[in-house]
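Side-chain atoms are counted along with the backbone in the values below, which use heavy atoms only and exclude waters and symmetry mates. Throughout, protein chains are lettered first and strands after them, A, B, ... in sequence-line order, and every chain is numbered starting at 1.
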2 protein chains.
Amino acid sequence: MTDRPHAADDSPELEDRDYVALASFRHALRHFLAFSEEAARAVGMTPQQHQAILAIRGLSPREGMTINDFAERMLLKQHTAVELVDRLEAAGLVRRARDAGDRRRALLTLTDRAGELLEALSRAHLAQIGRDAPQLIEILQRMSRKDGPARS
Amino acid sequence: MTDRPHAADDSPELEDRDYVALASFRHALRHFLAFSEEAARAVGMTPQQHQAILAIRGLSPREGMTINDFAERMLLKQHTAVELVDRLEAAGLVRRARDAGDRRRALLTLTDRAGELLEALSRAHLAQIGRDAPQLIEILQRMSRKDGPARS
DNA sequence: GCCAGATATATCGTATTACGATGTAATTCA
DNA sequence: TGAATTACATCGTAATACGATATATCTGGC
């Protein structure tokens, strides 16, 4: 019921530039993600498969990773992670090995092929991030410089 | 056929820290996108619907946006954009108005309800970005500081 | 003024994938 | 030892992006 110039709290109205900044940020993210998706598909992987082997390589490159830890890192439900691992295994990118100490656990490790493909993808991604980072950083700083919305 | 210490080109081997940085970046992105998804669903929108109205608000808040421009901005195929707009219209978030000058075109504008929901979402997102930006910027700089992969 | 081609939007069938609900095997501990 | 817990797996369903294709409108050359 309060009149429009102010929201319920005392924060100032959002201005056009706030929406422009948020929209630019999302556009930049979509652009990066589209690049990444295309790069993954170009080597025969789905985007999720690429993210999956990167998560394993980045977090547990040698000792192997349980499905639960993998699900948590990927922000997926446990059974969604199981299905993703099924597809990774079928694609020859990941191996399941039962943990000898606790045979409920499946430890995930990358195949050599996954390592090679991931290395090429990672080089391409680092190069792309080198190109995109300045703009992303600029937008992030523009949005977070002030903790309220836009001023002057 | 070249031995492993160097790839085909002369760039140095990727190291653990390169994979850790890339994996951390993707994890931070997933974290932000999960927040955004949850925020959108909390007000009864799908994540794509939220991104859609943000794109319209950020790019053509008053004059309206054609479906083709919308598809391009969202990095979607034209007919996928049509379907998304169908759902937005059914949800009462977007209106189609035939362009009087070129009646092939549908100009998309936001409803008042979309404007109100987007404002609340945008405040929440700016706050979240205020929290996440430092880490994101740090990782981006770490990855792009050098144009090759990690060095000491 | 007419029509071939171009442009803008729309429709239909399909495939992928994430999820809720649920099941099974292994482990823990009172 | 057996009830509860933990870890992984299976099945059916829903959402959505896409390729292929259709329809309506506009444009330029004649």
Side-chain angles (χ1 to χ4, degrees), chain A residues 30-31 33-38 40-42 44-53 55-56 60 63-91 93-109, chain B residues 26 30-31 33-34 36-38 40-42 44-53 55-56 60 63-91 93-109:
Chain A
R30 281 193 297 272
H31 182 266
L33 294 173
F35 158 82
S36 180
E37 180 164 339
E38 164 63 22
R41 292 200 193 279
M45 273 184 231
T46 66
Q48 274 294 72
Q49 288 176 341
H50 168 220
Q51 286 200 69
I53 65 176
I56 295 170
S60 308
E63 63 278 25
M65 193 174 201
T66 69
I67 300 238
N68 269 338
D69 289 346
F70 174 70
E72 187 175 351
R73 183 66 174 182
M74 293 289 288
L75 303 184
L76 295 172
K77 300 297 172 192
Q78 176 270 328
H79 54 264
T80 302
V82 167
E83 294 169 325
L84 178 50
V85 170
D86 288 344
R87 294 191 293 269
L88 285 161
E89 206 173 20
L93 296 168
V94 160
R95 264 186 305 265
R96 277 175 164 99
R98 287 288 155 183
D99 183 340
D102 181 345
R103 302 214 327 275
R104 290 172 303 179
R105 293 188 179 165
L107 294 179
L108 308 177
T109 54
Chain B
R26 293 311 279 252
R30 282 194 296 272
H31 182 265
L33 294 173
S36 179
E37 179 164 339
E38 164 62 21
R41 293 200 192 279
M45 274 184 230
T46 67
Q48 274 293 72
Q49 289 176 341
H50 169 220
Q51 285 200 70
I53 65 175
I56 295 171
S60 310
E63 62 278 26
M65 194 173 201
T66 68
I67 300 237
N68 268 339
D69 289 346
F70 173 70
E72 189 175 349
R73 183 67 174 181
M74 293 289 289
L75 304 185
L76 295 173
K77 300 296 172 192
Q78 175 270 329
H79 53 265
T80 301
V82 168
E83 296 168 322
L84 178 51
V85 170
D86 288 344
R87 294 190 294 268
L88 285 162
E89 207 174 20
L93 296 169
V94 160
R95 265 186 305 268
R96 276 174 164 99
R98 285 289 154 185
D99 183 338
D102 183 345
R103 301 215 327 276
R104 290 171 303 179
R105 293 186 179 167
L107 295 179
L108 308 177
T109 54

Completion exercise
Per atom distances to the A/Q48 side chain, the nearest of C/dA10, D/dA9, C/dA18 is C/dA18

Exercise for the section: Tell me whether the OP1 or OP2 atom of D/dC18 has a side-chain N or O from A/R41 closer than 4.0 Å. Expected result: no

Fill in the blank from the handout: Rounded to whole Å, CD1 of A/I67 lies from C1' of D/dA7 at a distance of 9 Å

Fill in the blank from the handout: Separation of D/dA7 atom C1' from A/N68 atom CG, nearest Å, is 6 Å

Practice task
Give the rounded distance in Å between these two atoms: CG of A/D69 and P of D/dA7.
Solution key: 9 Å

Practice task
State, to 0.1 Å, how close B/R73 and B/A55 come at their nearest heavy-atom pair, and which atoms those are.
Solution key: CG-CB, 4.2 Å

Practice task
Indicate the atoms forming the closest heavy-atom contact of A/Q49 with A/G44, along with that distance.
Solution key: OE1-O, 4.4 Å

Practice task
Can you tell me the distance, in whole Å, between the CG atom of A/L84 and the C1' atom of C/dC19?
Solution key: 14 Å

Handout entry: d(CG, A/L76; P, D/dC8) in whole Å
Key = 14 Å

Practice task
Report yes or no: is there a donor-acceptor pair, N or O only, under 3.5 Å between the side chain of A/Q78 and the base of D/dA7?
Solution key: no

Exercise for the section: Rounded to the nearest angstrom, tell me the gap between atom CD in A/Q51 and atom C1' in C/dT17. Expected result: 14 Å

Handout entry: Presence of A/T80 side-chain N/O under 4.0 Å of C/dC19 phosphate oxygens OP1/OP2
Key = yes

Completion exercise
Assert: residue with more 5' nearest nucleotide on DNA chain D, out of A/L107 and A/E83, is A/L107

Problem - Interatomic distance where CZ belongs to B/R105 and C1' belongs to C/dA8 [whole Å] - result: 8 Å

Problem - Within 6.0 Å of CD in B/Q78, more than 12 heavy atoms from elsewhere - result: yes

Practice task
Before accepting this row, confirm whether a basic side-chain N of the pair B/E83/B/R87 lies closer than 4.0 Å to the acidic partner's carboxylate O.
Solution key: no

Problem - Any A/R87 side-chain nitrogen or oxygen under 4.0 Å from OP1 or OP2 of C/dA18 - result: yes

Identify the pairs formed between an N or O of the protein and an N or O of nucleotides 24-29 of chain C at a distance under 3.5 Å, and give each distance.
residue	atom	partner	partner atom	Å
C/dA26	OP1	A/R103	NH2	3.4
C/dT27	OP1	A/R103	N	3.0

Handout entry: Protein-nucleotide distance (B/Q49, atom CD; D/dT16, atom P), rounded to Å
Key = 7 Å

Exercise for the section: Just do the side-chain contact (heavy atoms from CB on, under 4.5 Å) check on B/R96 and B/L108 with the steps written out, would you? Expected result: CA-CA 5 Å; B/R96 276 174 164 99; B/L108 308 177; 3.9 Å; yes

Exercise for the section: Take B/T109 and B/V94, measure what side-chain contact (heavy atoms from CB on, under 4.5 Å) needs, and give me the verdict at the end. Expected result: CA-CA 6 Å; B/T109 54; B/V94 160; over 6 Å; no

